[in-house]
Amino acid sequence: MRIAETNWMQVEEYLRHDDRCVLPIGSTEQHAYLSLCVDLILSERVSADAAQPLGVPVFPVVPYGITPYFADFPGTVSLRVGTYIALIEDILESLRQSGFRRVLVVNGHGGNNPAQGFISEWMGRRRDMRVRFHNWWNAPKTWAHVQRIDPAASHASWMENFPWTRLPGVTMPTGAKPVVDYAKLQMSSPAQVRELVGDGNYHGLYERPDHEVLALWETAVQETRSLIEGGW
């Protein structure tokens with residue numbers, strides 16, 4: 001039940017018997033040879049795939065996030081932390097005004113984690129709201145599945161290479177990339193980050209067989225669905 005495929009009257013009718021919804025959030029940033037929109041594509045799709053059998057509304061993905069370290073890669077868009085928190089607050093306030101009371105925020109970008117702390121603070125003021133913050137890619141079952149396939153998995157590596165994040169006509173490099181110096185990366189300017197990571201992959205293979213990544217995807221969908229369904 002994508003909000004883009006509903007009208008306000010249908011949402012009003014839904015709210016007569018349920019108050020759950022899903023809000024995917026992502027980013028627009030470099031992902032080596034994959035789409036700049038990997039994070040938003042994956043967060044929106046895992047949300048929609050998970051919610052579809054339940055009939056729970058999925059709002060349009062928030063396409064921009066906090067990613068200042070990739071500023072020297074053309075096409076990257078980064079919001080200031082204050083701007084981003086204000087945006088998330090306004091969205092949550094609007095959902096509450098509509099009548100939603102249980103919100104699963106499905107995050108596709110690690111840089112957006114400041115929103116998690118804000119959401120806890122916000123619920124302290126909005127005592128009638130229950131909001132879950134779900135990093136879909138490193139949730140327990142999904143991350144365990146990644147590790148079973150190949151522990152050498154990172155930003156812009158095989159674990160983000162799905163049929164829907166690839167670009168036509170772009171060939172992936174063969175072989176695995178060596179591990180980037182993470183300690184140095186954390187202290188680097190955007191120019192230094194670009195120099196350190198080169199094409200953008202942090203380490204590992206650029207792709208793995210589709211049957212492996214599609215099985216991983218199914219785990220992620222099922223884990224996300226379980227959070228929509230229960231434990232509220």
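Please read all numbers here as calculations on a predicted model, not as lab measurements.
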How close do [X] and [Y] get, counting heavy atoms only, and between which atoms?
| X | Y | answer |
| --- | --- | --- |
| R194 | P74 | NH1-CD, 3.8 Å |
| N201 | A32 | N-CB, 3.8 Å |
| V179 | H203 | CA-CB, 3.4 Å |
| W158 | A153 | NE1-CB, 3.6 Å |
| Y182 | S154 | OH-CB, 3.8 Å |
| L42 | T165 | CD2-CG2, 3.6 Å |

How long is the straight-line distance from [atom2] of [Y] back to [atom1] of [X], given to the nearest 0.5 Å?
| X | Y | atom1 | atom2 | answer |
| --- | --- | --- | --- | --- |
| F100 | R102 | CZ | CZ | 11.5 Å |
| H31 | L36 | NE2 | CG | 9.0 Å |
| I85 | R80 | CD1 | CZ | 13.0 Å |
| I119 | R130 | CD1 | CZ | 15.5 Å |
| Q222 | K141 | CD | NZ | 9.0 Å |
| L40 | S35 | CG | OG | 7.0 Å |

Check ring-ring contact (aromatic ring centres under 6.0 Å, His included) between [X] and all other residues, then give those that pass, not counting sequence neighbours.
| X | value |
| --- | --- |
| H109 | none |
| H17 | Y14 |
| H145 | none |
| F133 | none |

Measure from the side-chain N and O atoms of S78 to the backbone N and O of T67, and report whether any donor-acceptor pair falls under 3.5 Å.
-> yes
Is there a donor-acceptor contact under 3.5 Å from the side chain of Q192 to the main chain of S189?
-> yes
Criterion side chain to side chain contact (heavy atoms under 4.5 Å, CB included) on N135 and N113, from CA distance to verdict | CA-CA 9 Å; N135 288 324; N113 282 337; 3.4 Å; yes
Exercise answer: donor-acceptor pairs, residues 45-62 side-chain atoms, under 3.5 Å, sequence neighbours excluded:
residue : atom : partner : partner atom : Å
S47     : OG   : S43     : O            : 2.7
D49     : OD2  : W217    : NE1          : 3.1

Does atom OH of Y64 have more than 12 heavy-atom neighbours, drawn from other residues, nucleotides or ligands, at distances under 6.0 Å?
-> no
Does atom CZ of R125 have more than 12 heavy-atom neighbours from other groups under 6.0 Å away?
-> yes
Path from [X] to [Y] over hydrophobic side-chain contacts below 4.5 Å:
| X | Y | result |
| --- | --- | --- |
| V180 | V146 | no |
| I66 | V193 | no |
| W8 | I3 | no |
| V213 | W143 | yes |
| L214 | L205 | yes |

Flag the pair [X] / [Y] as yes when at least one side-chain heavy-atom distance between them is below 4.5 Å, and no otherwise.
| X | Y | value |
| --- | --- | --- |
| Y206 | K177 | yes |
| R2 | E44 | yes |
| W137 | L216 | no |
| M172 | L34 | yes |

Set of side chain to side chain donor-acceptor pair (under 3.5 Å) partners for E195, sequence neighbours left out = none
Who passes salt bridge (Lys or Arg N to Asp or Glu O under 4.0 Å) against R16, sequence neighbours left out?
-> E12, E13
With sequence neighbours left out, which residue pairs that include part of residues 208-223 fulfil the salt bridge (Lys or Arg N to Asp or Glu O under 4.0 Å) condition?
-> D150-R208, R166-D210, R208-E212
Can you list every pair that meets salt bridge (Lys or Arg N to Asp or Glu O under 4.0 Å) and has a residue in residues 54-76, with sequence neighbours left out?
-> none
With sequence neighbours excluded, tell me which residues meet side-chain contact (heavy atoms from CB on, under 4.5 Å) with D181.
-> A183, K184
With sequence neighbours excluded, residues passing side-chain contact (heavy atoms from CB on, under 4.5 Å) with A4 | none
For residues 84-97, which residue pairs qualify under side chain to side chain donor-acceptor pair (under 3.5 Å), counting only residues two or more places apart or in two chains?
-> Y84-N112, E93-W122, E93-R126, R96-D128
Taking the inter-plane angle between the rings of Y202 and F70 on a 0 to 90° scale, is it parallel (under 30°), tilted (30 to 60°) or perpendicular (over 60°)?
-> perpendicular
Stepwise side chain to side chain contact (heavy atoms under 4.5 Å, CB included) test for Y69 and Q186 | CA-CA 9 Å; Y69 35 86; Q186 290 176 347; over 6 Å; no
Where do T224 and T142 land on the side chain to side chain contact (heavy atoms under 4.5 Å, CB included) test, with the steps shown first?
-> CA-CA 9 Å; T224 303; T142 300; over 6 Å; no
